[in-house]
Amino acid sequence: MSPRLRSTLSAVLIALSCLLVPFGAPAAWAAYGLADTGRYVTTMAPLAADPAVREAVVDTLGDGILRAVDEHLDVRPVRGSVRPFVHDAVRSFTHTRAFRLAWDTGNQVTHDAVLHALRGQDERPVTVDLAPVTAQVKRQLTRDHVPLAARIPVEHTAVPVLAADRLATLRTGFHALEVAGLWLPVAAVAFAAGGIALAVHRRRAVAATALGTALGGALLVLALDVGRGLTLADLPAGVPHPAAGAVYDALTGTLRSAAWLLLGLGLAVTLIAWLTRYLRPPRPVRRRRGSPGPAPAAAPGPNRARA
C-alpha cells in the first residue's frame, strides 16, 4: 500500500473515531447507567438531602394530602389553619431516616416500572402508588396532634409516570439506545486503533486522535450545559426549577465526569506526543557496508620537548 493511500485511510478512520466519541459516551451512559436500577437508585439517593428537592416534596405531598382531605372531609373552614401544620409535618418528615428509605424505595419502584414497560409489550400507562408515603406522613401528623390528622384517608392513588401513547416511541428508542451503547464505543476504539496502525507517521496519528478525543469531550460538556438550560426552560409552570436542576445534575453527573476525563486525557496524550517529538535522542549514524572507514589519525610529530 502506498504511503499516500495509508495516510488517507488513517485520516478517515481517525476522523470517524473522533466523531463517535460525543455519541458513544452518552449512549453507553444511558444504556449501562440509567438503565441499571441499582445505579439509578444510588445516583438519586443524595437528592433526599437536597434542600430544593425537599421543598418540592413538601409542596407536592402536602397539597396532595390536603386535596385528599377535601375530597373526604368538609374542612374548608379550617383549611387555611391546617395547611401550615401539614406542610411543617411533611418538612419534618423529609429530615428523617424514614423519608430517605421512602425516597429510595419510591425511586426503585418507579425505575422498575419504567424498565418493565420499556422492555415488555404491555401498553398500559406506567403508574406509581404513593400510599406508603402518605401513611408515614399521617402517622407524623398524628404524633404532632394536628387536628383531623387521624382522619386523613390513605388511598392507593396511581400517580402517572409514562402515558400509554408514548410507550411505543420510547420503547423503540430504548432498544436502539441499548444497541448503540454497546457498539458505538467499540467502533470508536476500533477506528482509532486502525487509524494509528495504518498511519505512516504514527506519532502524528496518536496526537490527532488524542486531540479529536479532547474536542469530543469539550463538545459533550457544552452539550450537557445547553441541554440543562433547554430542559429547565421546557418545564411546566408548576415544576420548581431548582429541584429539577438538582435532579438533572445528579443524573448527568457521571456523564459530565466522563466528558471531562476525555478532555483531560486527550490533552495530556497530545502534549506527551508533542514533547516526545522534540525530546527524542538523536539516532546513531549507520555505516554502509563496503564503505571505507574513517582514515586513522596521523601520529603526532615530535615537538621540541621530545626532540
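Expressed to the nearest 0.5 Å, how far CH2 of Trp260 lies from CG of Leu220 amounts to 11.0 Å. Note: Thr231 OG1 to His241 NE2 = 10.5 Å, rounded to the nearest 0.5 Å. One finds the CG atom of Asp112 at 4.5 Å from the OG1 atom of Thr37 (value rounded to the nearest 0.5 Å).
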Which donor-acceptor pairs under 3.5 Å do the side chains of residues 261-271 make with protein atoms, sequence neighbours left out?
{"from": "Thr270", "atom 1": "OG1", "to": "Leu211", "atom 2": "N", "distance (Å)": "3.3"}
{"from": "Thr270", "atom 1": "OG1", "to": "Gly266", "atom 2": "O", "distance (Å)": "2.7"}

List, one per line, each side-chain donor-acceptor pair under 3.5 Å for residues 13-30, sequence neighbours excluded.
{"from": "Ser17", "atom 1": "OG", "to": "Ala188", "atom 2": "O", "distance (Å)": "2.8"}
{"from": "Trp29", "atom 1": "NE1", "to": "Leu251", "atom 2": "O", "distance (Å)": "3.3"}

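Side-chain N or O atoms of Ser10 include none that pairs as donor or acceptor with a backbone N or O of Arg6 at under 3.5 Å. Side-chain atoms of Thr110 do not come within 3.5 Å of backbone N or O of Asn107 as any donor-acceptor pair. Of the possible donor and acceptor atoms, one in the side chain of Arg54 sits under 3.5 Å from a partner among the backbone N and O of Ala48. Within the 3.5 Å criterion, the main-chain N or O of Val58 finds no donor-acceptor partner in the side chain of Arg91. Judged purely by atom type and a 3.5 angstrom limit, Trp103 uses its side chain to pair as donor or acceptor with the backbone of Met44.
Residues Ala192 and Thr209 approach most closely at CB-CG2, 3.9 Å, considering heavy atoms. Nearest approach of Gly195 to Ala205, heavy atoms of both residues: O-CB, 4.5 Å. Considering every non-hydrogen atom in both Leu118 and Arg171, the closest pair reads O-CG, 3.0 Å. Of all heavy-atom pairs between Asp249 and Arg228, the closest is OD1-NE, 2.8 Å. Shortest non-hydrogen contact noted between His111 and Leu34 is NE2-O, 2.5 Å. Between Tyr248 and Gly227, the shortest heavy-atom contact is OH-C, 3.5 Å.
In the hydrophobic clustering of this structure, Leu230 does not group with Val247; members are Ile, Leu, Val, Met, Phe, Trp, Tyr whose side-chain heavy atoms approach within less than 4.5 Å, directly or through other members. If you chain together hydrophobic residues whose side chains sit under 4.5 Å apart, Val179 and Tyr32 fall into the same group. Taking hydrophobic clusters as Ile, Leu, Val, Met, Phe, Trp and Tyr residues chained together by side-chain heavy-atom distances below 4.5 Å, Leu177 does not share a cluster with Leu170. Note on Ile272 and Trp274: separate hydrophobic clusters, where clusters join Ile, Leu, Val, Met, Phe, Trp and Tyr whose side-chain heavy atoms are under 4.5 Å apart, directly or indirectly.
Annotation: side chain of Gln108 is not in contact with side chain of Tyr40 (no heavy-atom distance under 4.5 Å).
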Residue pair Arg119, Glu178: steps toward the side chain to side chain contact (heavy atoms under 4.5 Å, CB included) verdict: CA-CA 11 Å; Arg119 289 174 175 168; Glu178 285 187 322; 3.3 Å; yes
